[in-house]
Amino acid sequence: MPRHGVSPGQGHRRSGLEQESDRTRGSPRLRLLWMGLPLIMALVLWAPAGAHPLPVQSQHVGRLVPQLRDAFGWWNLTCPVCKSLFTAIDFGLKKESGVEWVGSIATKLCKLLKIAPPAVCQSTVQLFEDDVVEVWTRSVLSPSEACGLLLGSTCGHWDVFSSWNISLPAVPKPAPQPPKPPAPGAPVSRILFLTDLHWDHDYLEGTDPDCENPLCCRQDSGLPPASRPGAGYWGEYSKCDLPLRTLESLLSGLGPAGPFDMVYWTGDIPAHNIWHQSRQDQLRALTTVTALVKKFLGPVPVYPAVGNHESTPVNGFPPPFIEGNHSSSWLYEAMAKAWESWLSPEALHTLRIGGFYALSPRPGLRLISLNMNFCSRENFWLLINSTDPAGQLQWLVGELQAAEDRGDKVHIIGHIPPGHCLKSWSWNYYRIVARYENTLAGQFFGHTHVDEFEVFYDEETLSRPLSVAFLAPSATTYIGLNPVSPPSLQVTGSTK
Ligand SMILES: [Zn+2]
Ligand SMILES: [Zn+2]
């Protein structure tokens, strides 16, 4: 996987709230079945306090199973009984009363374990319960998966987060070409790199910047004690996002840094009030901030990528095989409409299906915008099937091969950086980067809120650096960060 670095003198990361908790252990046997729900709640609620924490390691469920078998006497369970049990559980859970029941247990646990203030527990569970129960009954609690895990492969097949491989074309890899400086007088492009704006519609000056909720400086934060100042007019060094005026000021002040040929905008538009967000709230953030970007950047083409906060519940990005009201079509359709003037018809088509696209901003350059939520450890929909969700990586290989055949260069943009992904996704991405090192000229991500980079090394010796991903700092101050004026990149040299 890519290795991480932090640009000298840039940004800082808050830590200390990134550890997995084991406070959900020690429950009676039945409660174990619902363990996943509070775990997901816990993950979601703790994540904001640690900004965008380093990825939590995958659950090594397989290693726990023998201990759980011993502890709960599952050895006595036969395969048919196991499957009947889980069929009944799935049936019960999918009924409305089942979802409510799971929700009430999760709310009680959340309050009991003091995962969040009671009102936040209540709202979060209400927001997540429907989707999470849907996912759990289709994945870990499905008779085949659950009994495969509990009783072994003779009873069912457990492949949640199992490893997988995309296939690379038979075309031999061209000999690596060391990067060389551009010729004197080569053409120069200026690209603005925007990420993690996180507009808080409810930001309110004077409110408590250190409230007990996961996000403060807002209407529901209350007032600070007399000994402490309230939230500032432009923002605050605390767990707060930004008012619209600060984003407006940031965008209006870009003039001297330009003019720009294009903009890479790598997602996370709404605020971190993830316990209380409706689809309407998310769409208001999308259209309001898109309009603001258009207002200040005018005709400059903007190429967006989908962040993990664009959806609600946060991180909830079902792959395209999920249809109906649970699907992401409410979001992708709105994005395609809001971004129509920036993207080609071909790009809008794949955006509507899976939130990713490719286009050619200029001859010789292919831009690929990935939906990195399909690599995310926090995207609970991937419990159903995490194998190359939406076929995105296989599609990426096709795009890169076509670019190699044409002699084009490629830039990749996305939100979550590849080093923060599910292990199998990350390794497959790594293989692709290594295969197409001559074609891939740049990678740009956000999500961590700090100024960092990830270095990719060759697969043979793991010592020859062959690509770098740039991670831009956030516009938002969340948490305790300086609101960074967006970096601009100077891409020199012909793209060929
Ligand atoms: Zn963010
Ligand atoms: Zn993010």
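Here, residue 1 is the first one in the sequence, and each next residue gets the next number. Note that ligands are numbered from 1 as they come in the structure, with each ligand's atoms numbered from 1 the same way.
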- When you check the gap from the basic side-chain N to the acidic O, do R218 and D241 get nearer than 4.0 Å?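 Salt bridge between R218 and D241, a charged N being under 4.0 Å from a carboxylate O: no.
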- Task: Taking only Lys NZ, Arg NE, NH1 and NH2, and the carboxylate oxygens of Asp or Glu, determine whether E333 and K337 approach each other closer than 4.0 Å.
- Result: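 No, no charged N to carboxylate O under 4.0 Å.
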- Metal-centred angle, OD1 of N308 through the Zn ion (ligand 2) to NE2 of H415, rounded to 10 degrees: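 Roughly 90°, rounded to 10°.
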- Message: Between H449 and the Zn ion (ligand 1), is there a contact where an N/O/S atom of the residue lies under 2.8 Å from the metal?
- Response: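 Within the cut-off used here (under 2.8 Å), H449 does place an N, O or S atom near the Zn ion (ligand 1).
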- Task: Kindly confirm whether the Zn ion (ligand 1) is within less than 2.8 Å of some N/O/S atom in H309?
- Result: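 Short answer: no, not a single N, O or S atom is under the cut-off.
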- Query: So which of the N, O or S atoms of H447 lies nearest the Zn ion (ligand 2)?
  - Reply: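 In H447, the heteroatom (N, O or S) nearest the Zn ion (ligand 2) is ND1.
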- Item | ring pair (Phe, Tyr, Trp, His ring centres under 6.0 Å), paired with F193, selected from F260, W265, Y264, F444 |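 Only match with F193 under ring pair (Phe, Tyr, Trp, His ring centres under 6.0 Å): F444.
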- Is the ring centre of F317 less than 6.0 Å from the ring centre of F374?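 Aromatic pair excluded; centres sit 6.0 Å or further apart.
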- Is it true that H198 and H449 have ring centroids separated by less than 6.0 Å?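 For H198 and H449, the ring centres are under 6.0 Å apart.
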- Any idea which N/O/S atom from H198 gets closest to the Zn ion (ligand 1)?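 Atom name returned: NE2.
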- Item | Atom name in D196, limited to N/O/S, at shortest distance from the Zn ion (ligand 1) |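 Looking only at N, O and S atoms of D196, the one nearest the Zn ion (ligand 1) is named OD2.
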- Residue H326 excluded, over 12 heavy atoms near NE2 under 6.0 Å: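 Result for NE2/H326: enclosed.
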- Within D268, is some N, O or S atom less than 2.8 Å away from the Zn ion (ligand 2)?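 True for D268.
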